[in-house]
There are 2 protein chains.
Amino acid sequence: MVHPSTFELGPHTLKIPRTLHKINRNRLVERLRSDNNIPERSIIVLQGGKTLNNYDTDTEPVFRQESYFHWTFGVGEPDYYGAIDLTTGRSYLFAPKLPDSYSIWMGKLYTLNDHLNRYNVDAVYYTEQICQVLSGLKPQVLLTLKGLNTDSNLETFEAQFDGIDKFKINNSLLHPHMAELRVFKTPQELDVIRYTNKISSDAHVEVMKSIRPGMTEYQLESIFLHHCYFNGGARHVSYTCICASGTNGGVLHYGHAAAPNSKTVHDGDMCSFDMGCEYYRYSSDITCSFPANGIFTPDQRIIYEAVLKANRTVMNAVKPGVSWRDMHLLAEKTQLEQMLKHGLLQGDIDEMMKARLGYIFMPHGLGHLLGIDVHDVGGYLFQCPPRSTEPGLRQLRTARILEKDMVLTIEPGIYFVDALLEQARNDPELSKFIVWPVIDRFRSFGGVRIEDDVVITADGCELLTKVPRTVDEIEAIMAEGRKREIEFPQKTLLANYK
Amino acid sequence: MVHPSTFELGPHTLKIPRTLHKINRNRLVERLRSDNNIPERSIIVLQGGKTLNNYDTDTEPVFRQESYFHWTFGVGEPDYYGAIDLTTGRSYLFAPKLPDSYSIWMGKLYTLNDHLNRYNVDAVYYTEQICQVLSGLKPQVLLTLKGLNTDSNLETFEAQFDGIDKFKINNSLLHPHMAELRVFKTPQELDVIRYTNKISSDAHVEVMKSIRPGMTEYQLESIFLHHCYFNGGARHVSYTCICASGTNGGVLHYGHAAAPNSKTVHDGDMCSFDMGCEYYRYSSDITCSFPANGIFTPDQRIIYEAVLKANRTVMNAVKPGVSWRDMHLLAEKTQLEQMLKHGLLQGDIDEMMKARLGYIFMPHGLGHLLGIDVHDVGGYLFQCPPRSTEPGLRQLRTARILEKDMVLTIEPGIYFVDALLEQARNDPELSKFIVWPVIDRFRSFGGVRIEDDVVITADGCELLTKVPRTVDEIEAIMAEGRKREIEFPQKTLLANYK
């Protein structure tokens with residue numbers, strides 16, 4: 001049960017003080033007060049996530065709070081509004097008035113005073129009172145949230161309520177400030193992200209120990225989900241699980257409904273499993289790559305160790321002041337050098353870099369900001385370096401200069417994607433670097449991605465992800481797993497059903 | 001992988017012929033042709049579910065097709081349209097044109113011809129061609145789907161596309177026919193519902209075997225979900241899992257984000273777990289009630305056996321021609337008789353029924369139609385008996401006369417809900433029947449619900465749910481489970497994390 005002023009899910013899960021959000025609100029108030037463009041008597045008004053139905057039905061997905069509202073208020077239920085008065089610093093919540101029948105169908109009917117204690121704000125009213133309460137505060141302007149998410153190209157969810165047209169509204173001033181604040185994680189937020197990383201890391205290890213050729217990919221997804229929820233109280237994942245085996249490793253966002261992790265995992269397949277749990281709306285984002293049968297072939301080792309070298313080289317180089325764009329190029333260069341060394345490529349590395357050959361084998365960005373959203377906001381705010389137009393660099397979700405308390409993924413990868421290899425073959429400026437008879441050996445390889453989550457510290461980074469990473473570590477963990485007896489799939493299932 | 005013309009998720013899961021939808025389309029054409037109000041040269045146009053993002057982010061929930069579109073076409077991906085020409089009976093799909101980069105990020109780029117084979121329709125075009133293709137068919141009118149869902153009070157998702165205003169539209173004729181057809185399941189649909197019931201039944205047994213006092217409720221949810229996905233390929237549940245222990249048993253729709261199955265299960269608790277998996281968008285809906293420690297107390301046995309008697313009495317009484325309203329009253333009466341016999345109530349049963357005392361202990365309807373939606377459509381169409389205004393009967397999701405091939409849940413229950421008991425205490429017409437000192441013994445009992453899925457046959461029903469139901473069966477299964485060693489929660493988890 002929810003204890004006043006902390007959140008937890010069962011006695012074995014992380015307890016989160018609700019002061020996490022009070023700290024965020026204070027940071028926001030302080031920042032806005034120091035901006036001369038913000039009118040003095042402003043009130044921030046945010047709308048929380050709404051109850052959503054599946055089309056016309058009375059079923060609903062399990063509610064997940066809208067990210068900006070969660071950052072600010074930490075409310076776990078739908079249909080709230082929140083406000084912060086910049087003059088006084090006081091924070092307000094507006095809760096939906098629920099019918100008496102709620103207690104029969106849905107659970108405890110909290111009073112306004114209960115909510116006050118649960119959410120650590122200064123006052124709680126019903127949503128129907130929002131106009132009256134805000135009017136009473138006599139604001140010069142209401143600041144609502146409108147701005148572009150540069151990963152989705154969608155706009156934020158802007159507050160709307162009956163009567164809002166009676167107020168003066170500004171919807172452009174707030175977004176850059178909130179997005180910028182979300183880029184830098186507080187110690188309280190870092191604790192949650194450490195926890196999601198710990199839970200997800202353990203779940204990846206469980207998958208590596210449980211995998212057997214003959215399983216279907218989604219059975220590994222199921223093991224991951226179960227481990228995260230059963231052991232960590234993580235009911236959601238930060239993104240759809242990508243359980244790519246064999247050639248599917250070359251499909252970067254495999255696993256969605258049209259490609260639903262439904263291939264049988266074969267002996268000899270390389271696996272690239274990208275999965276991360278969410279707890280209290282904070283994300284994790286981890287990819288482990290390993291051979292399905294637990295033993296790397298020489299070719300698998302070449303590619304895996306090239307990617308690992310890129311991952312570790314970047315990890316050793318990141319610190320405040322470093323450009324993320326440079327890190328992307330460093331990862332590319334490290335991988336190309338290894339591919340050259342092992343005879344997959346030929347020619348001069350600097351020329352390869354200039355020709356953007358790296359994009360052919362790593363068609364995504366090196367990594368991205370991580371927080372409440374898995375692709376967290378703030379990548380391309382107006383004061384930041386702009387998005388590149390060059391292949392590979394264009395895919396980066398941010399080109400910022402690194403600063404302390406940013407959380408990022410480091411996720412280099414090498415993939416063998418038919419469409420991209422054809423593109424390279426048809427381009428003499430790229431084709432000349434590629435040793436085609438060798439590359440052809442990797443046509444059904446799929447890909448390798450090694451993805452870790454880090455937080456930038458004063459002089460480097462802290463690695464949050466704790467999974468076996470070297471070839472030896474992986475082979476040892478998987479050998480340990482193979483000693484277990486695992487019954488899969490329940491062989492008798494369909495027999496019973498018939 | 002998807003095999004042309006069948007759907008399956010891994011070699012151990014149910015293979016579903018895509019002809020399931022062709023049969024549904026043929027039923028629909030036949031029915032509409034026999035309705036004189038339908039213009040002769042009509043074309044049905046449906047819009048499938050759209051890609052949905054979580055607010056401004058680039059994450060999406062795993063796609064689940066809109067129910068009417070799934071019934072008609074069985075398409076598993078977003079952003080399609082479908083049409084059926086009533087004159088010729090020909091069926092059309094309109095698929096989104098995906099960018100070349102789809103093959104790098106999302107997976108195989110199917111051709112229109114691939115889709116034709118996958119979905120067994122007569123022609124496939126791109127969505128951008130919909131106006132041109134439909135114009136070419138020279139329809140008198142386009143029939144779109146608009147109608148009320150009587151469980152949610154929401155309207156169906158009506159087709160919209162650029163240029164639709166150039167056609168004559170009728171949006172009222174189609175809905176009653178489609179909703180009525182969905183009430184009656186074909187043999188192909190029944191096979192899928194038998195499968196979801198088998199998977200969910202086995203998963204409930206797994207939960208009963210695994211439960212230990214000290215666990216958190218959601219850990220049992222996690223076991224259920226894992227069993228359904230790992231063994232049955234069921235990635236979704238039909239509704240949010242309700243894992244109610246102790247007093248939570250009196251909260252009918254417990255388990256949502258604001259009451260997230262987060263109580264510790266205590267020795268002595270009665271559990272009422274209402275969970276059902278979804279496969280290929282078809283539902284199951286099963287509730288098992290049992291003591292957390294595996295042994296019924298005398299009081300638990302009284303309530304459990306009263307509910308089971310109601311469940312089995314109804315199950316023996318249902319057949320074509322019987323009124324569902326009468327079945328609700330039969331269940332109520334059976335439960336009240338048992339409560340009278342065991343000294344919880346006093347007085348005359350018929351008078352209790354007249355006073356609607358049954359509602360106090362069973363504030364929900366006896367059961368509902370089940371199909372693609374867990375509360376399936378067609379409960380209160382215009383030709384059906386209307387919704388009652390009386391307590392308990394008002395909550396019924398249908399009052400129809402039963403017919404062959406309807407699938408329904410039978411889910412009587414007895415609950416001890418403070419708010420309802422207070423209502424009864426304050427009403428002399430109800431209070432007089434209640435033996436308060438005895439009822440007070442049950443104040444923290446929670447509730448018992450026993451929910452099975454059945455299909456109405458020519459002379460009775462077929463029981464689809466296969467779980468232990470008698471007290472002896474449940475105690476035997478749970479005793480078997482207690483022999484297992486179960487490590488929960490991973491005791492070292494938080495220690496590792498710190």
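Side chains included, hydrogens not; waters and symmetry mates left out as well; all remaining heavy atoms used. In the text below, chain A, chain B and the rest are named by the order of the sequence lines, each starting its count at 1.
- Residue B/Asn261 touches chain A through its side chain alone, counting heavy-atom pairs closer than 4.5 Å.
- By number of non-hydrogen pairs under 4.5 angstrom with chain A, the leading residue of B/Gln65, B/Glu221, B/Glu217 is B/Glu221.
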Trace of the side chain to side chain contact (heavy atoms under 4.5 Å, CB included) decision for B/Met215 with A/Phe230: CA-CA 10 Å; B/Met215 281 184 172; A/Phe230 188 89; 4.2 Å; yes
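- Side-chain contact annotation: A/His12 with B/Gln219, donor-acceptor N/O pair under 3.5 Å present.
- Comparing A/Pro61, A/Gly233, A/Ser201 by how many heavy-atom pairs each has under 4.5 Å with chain B, the most go to A/Gly233.
- Nearest approach of A/Val251 to B/Gly107, heavy atoms of both residues: CG1-N, 3.2 Å.
- Of all heavy-atom pairs spanning A/Thr59 and B/Ser238, the tightest one is CG2-O, 3.7 Å.
- Rounded to the nearest 0.5 angstrom, A/Thr216 OG1 and B/Leu9 CG are separated by 8.5 Å.
- Taking each heavy atom of B/Arg235 and A/Ala257 in turn, the nearest pair found is NH1-N, 4.4 Å.
- Here A/Thr240 is the residue among A/Ile242, A/Val377, A/Thr240, A/Val417 with the most heavy-atom pairs under 4.5 Å with chain B.
- Under the 30°/60° scheme for interplanar angles, the aromatic rings of B/Tyr229 and A/Tyr218 are found to lie parallel.
- Ring planes of B/His364 and A/Trp105: perpendicular class, angle over 60° (limits at 30 and 60°).
- Here CD1 of A/Ile223 is found 5.5 Å from NE2 of B/His226. Values are rounded to the nearest 0.5 Å.
- Listed for the A/His256 side chain is no donor-acceptor partner under 3.5 Å among the backbone atoms of B/Phe63.
- For chain B, no part of A/Tyr415 is nearby; none of its heavy atoms comes within less than 4.5 Å.
- Looking at B/His253, its side chain never comes within 3.5 Å of a backbone N or O of A/Met106 through a donor-acceptor pair.
- Atom-to-atom distance recorded for B/Tyr239:OH and A/Glu60:CD is 15.0 Å, nearest 0.5 angstrom.
- Interface check for chain B: of the options A/Glu155, A/Glu77, A/His375, the most heavy-atom pairs under 4.5 Å are formed by A/His375.
- Side-chain contact between B/Leu225 and A/Leu225 is absent, with no heavy-atom pair separated by less than 4.5 Å.
- Shortest non-hydrogen contact noted between B/Pro363 and A/Ile104 is CG-CG2, 3.9 Å.
- Using a 4.5 Å cut-off between heavy atoms, A/Ser101 does not touch chain B at all.
- You'll find the side chain of B/Glu66 stays beyond 4.5 Å of the side chain of A/Thr57, heavy atoms only.
- Between A/Asn54 atom CG and B/His236 atom NE2 the span is 10.0 Å, to the nearest 0.5 Å.
- Between A/Tyr55 and B/Thr156, the closest side-chain pair of non-hydrogen atoms is not below 4.5 Å.
- Note that the CG atom of A/Asn153 and the CG atom of B/Asp56 stand 11.0 Å from one another [nearest 0.5 Å].
- Between the CG atom of A/Asp151 and the CG atom of B/Asn53 there is a distance of 11.0 Å, given to the nearest 0.5 Å.
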